[in-house]
Amino acid sequence: MPVAKWNGVVLAKSDRFEEVEGNVYFPPDSLNREHFKPSATHTHCPWKGEASYYSVEVDGKTNADAAWFYPEPKAKAANIRDHVAFWKGVTVER
């Protein structure tokens, strides 16, 4: 079961997930929401669409834009709608 952690804290855990381009996308209900803060950052993927970001906060430390998701993905990426993936030092263990 994939588990996302940062600074020793579980951010997400689920046996239901999607994997795209080597990234594990966790379903929205698997997130420990207390550690997520909305970000104003957006990026664009040609085939997935516009990504939105969260900053992750643990024990007073912030990892800016460490999580991303697609609230309105293009049709080919519909399976990852609102699912969250991680980078910037967040580890995903299986």
Side-chain angles (χ1 to χ4, degrees):
M1 173 181 311
V3 178
K5 293 181 181 179
W6 186 63
N7 282 358
V9 172
V10 173
L11 302 175
K13 179 179 179 180
S14 181
D15 57 358
R16 296 175 297 107
F17 62 93
E18 298 290 333
E19 188 167 349
V20 177
E21 298 178 327
N23 294 302
V24 173
Y25 283 80
F26 291 85
D29 64 353
S30 71
L31 305 179
N32 289 325
R33 292 275 178 189
E34 74 233 38
H35 299 294
F36 293 81
K37 303 295 179 206
S39 168
T41 300
H42 298 278
T43 58
H44 183 78
C45 172
W47 75 272
K48 291 180 289 218
E50 185 174 82
S52 296
Y53 287 76
Y54 292 115
S55 291
V56 174
E57 294 184 359
V58 172
D59 296 328
K61 296 178 183 166
T62 300
N63 190 344
D65 301 333
W68 76 91
F69 65 101
Y70 292 88
E72 298 291 332
K74 292 184 177 185
K76 288 185 178 183
N79 61 314
I80 60 169
R81 177 182 304 272
D82 293 327
H83 283 53
V84 177
F86 298 93
W87 67 326
K88 291 188 156 186
V90 175
T91 59
V92 176
E93 303 166 359
R94 293 190 194 211

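Annotation: Asp59, atom CG; neighbour count of heavy atoms from other residues, nucleotides and ligands within 6.0 Å does not exceed 12. Within a 6.0 Å sphere centred on CH2 of Trp47, other residues, nucleotides and ligands contribute more than 12 heavy atoms.
Using a cut-off of 4.0 Å between Lys/Arg side-chain N and Asp/Glu carboxylate O, Arg94 and Glu19 are scored as salt-bridged.
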Open item on the list: Quick one, Val58 with Leu11, criterion side chain to side chain contact (heavy atoms under 4.5 Å, CB included). Give me CA distance, side-chain angles, the key distance, then yes/no.
Closed with: CA-CA 9 Å; Val58 172; Leu11 302 175; 4.2 Å; yes
TODO: Show the numbers, then the answer: is there a side chain to side chain contact (heavy atoms under 4.5 Å, CB included) between Glu21 and Lys48?
DONE: CA-CA 11 Å; Glu21 298 178 327; Lys48 291 180 289 218; 2.7 Å; yes
- [ ] Applying side chain to side chain contact (heavy atoms under 4.5 Å, CB included), run through Tyr25 and Trp68 and close with a yes or a no.
- [x] CA-CA 9 Å; Tyr25 283 80; Trp68 76 91; 3.0 Å; yes
Task: Audit row: Lys61, Asn7, side chain to side chain contact (heavy atoms under 4.5 Å, CB included) steps and yes/no - done: CA-CA 9 Å; Lys61 296 178 183 166; Asn7 282 358; 3.6 Å; yes
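Looking at Ser30, its side chain never comes within 3.5 Å of a backbone N or O of Ala12 through a donor-acceptor pair.
With values rounded to the nearest 0.5 angstrom, Ile80 atom CD1 is found 8.5 Å from Glu18 atom CD.
Under the 4.5 Å side-chain criterion, counting only non-hydrogen atoms from C-beta, Val3 is not in contact with Val92. Inter-residue side-chain proximity for Tyr53 and Thr43 is flagged as met; some heavy-atom pair is nearer than 4.5 Å.
Side chains of Trp6 and Glu57: no donor on one and acceptor on the other come within 3.5 Å. Side-chain atoms of Tyr54 and Arg33 include a donor-acceptor pair closer than 3.5 Å.
The two atoms that bring Val56 and Phe36 nearest to each other are CG2-CE2, 4.4 Å, heavy atoms only.
Shown here are the side chain to side chain contact (heavy atoms under 4.5 Å, CB included) partners of Pro71, two or more places apart in sequence or in another chain: Ser52, Phe69, Asp82.
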